[in-house]
Amino acid sequence: MVYAIVKAGGRQEKVSVGDVVVVDRLKGAEGDSVELEPLLLVDGEKVTSAAADLKKVTVTAEIVRDEKGPKITILKFKNKTGYRKRQGHRQQLTRLKVTGIK
């Protein structure tokens with residue numbers, strides 16, 4: 001089984017061909033191809049982690065769609081002063097489908 005650990009959107013994800021992963025928003029339209037930076041490659045029993053060898057490896061993915069994460073509510077409150085502040089946030093995300101590891 002071939003899989004890679006890639007750096008995508010500030011996080012590391014374990015991917016293999018056909019996987020769908022959700023990462024922080026990437027520039028591009030639906031159907032565009034994106035290259036992800038590999039940090040580790042496992043090909044059966046062979047593990048590749050040397051930077052020189054990883055420069056030869058390409059992990060490609062296709063943008064499926066852009067989406068938003070769950071709503072996060074931020075509340076700030078100070079007792080006896082009447083200070084209350086409410087704020088919401090939804091993270092911008094991109095859904096990717098891994099098309100190849102070469």
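As the structure is a computational prediction, the values presented were derived from the model and not from experiment.
- Applying the salt bridge (Lys or Arg N to Asp or Glu O under 4.0 Å) rule to D66 yields the partners R25; only residues at least two apart in sequence or on another chain are considered.
- Counting heavy atoms from C-beta on, the side chains of V2 and V17 never come closer than 4.5 Å.
- Side-chain contact between L41 and V47 is absent, with no heavy-atom pair separated by less than 4.5 Å.
- A side chain to side chain contact (heavy atoms under 4.5 Å, CB included) with L96 is found for one member of V64, L36, T60 and no other, namely L36.
- The closest side-chain heavy-atom distance from T81 to N79 is not below 4.5 Å.
- Applying the salt bridge (charged side-chain N to carboxylate O under 4.0 Å, His left out) test to residues at least two apart or on different chains, the pairs with a partner in residues 80-98 are E67-R95.
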Check the pair V15 / V59 against side chain to side chain contact (heavy atoms under 4.5 Å, CB included), numbers first and verdict last. CA-CA 9 Å; V15 297; V59 178; 4.3 Å; yes
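- Looking only at side-chain heavy atoms (C-beta outward), Q12 and L39 come within less than 4.5 Å of each other.
- Listed by chain and residue number, I74 satisfy the side chain to side chain contact (heavy atoms under 4.5 Å, CB included) test with Q87 (two or more places apart in sequence, or in another chain).
- Cluster annotation: I63 and V6 are assigned to the same hydrophobic cluster (Ile/Leu/Val/Met/Phe/Trp/Tyr, side-chain heavy-atom contacts under 4.5 Å, transitive).
- Rounding to the nearest 0.5 Å gives a distance of 11.5 Å between OG1 of T99 and CG of D19.
- To the nearest 0.5 Å, the span separating CG on L40 from OH on Y3 amounts to 7.0 Å.
- I101 and V34 fall within a single hydrophobic cluster, where Ile, Leu, Val, Met, Phe, Trp and Tyr side chains are chained together by heavy-atom contacts under 4.5 Å.
- Looking only at distances, no side-chain donor or acceptor of D53 sits under 3.5 Å from a matching main-chain atom of A50.
- No chain of hydrophobic side-chain contacts below 4.5 Å, direct or via other Ile, Leu, Val, Met, Phe, Trp or Tyr residues, connects I5 to V21.
- Within the 4.5 Å cutoff, no side-chain heavy atoms of T48 are placed close to those of V57.
- The salt bridge (Lys or Arg N to Asp or Glu O under 4.0 Å) test with D24 singles out one residue from K68, K7, R11, and that residue is R11.
- Between the T94 side chain and the L26 main chain, a donor and an acceptor come within less than 3.5 Å of each other.
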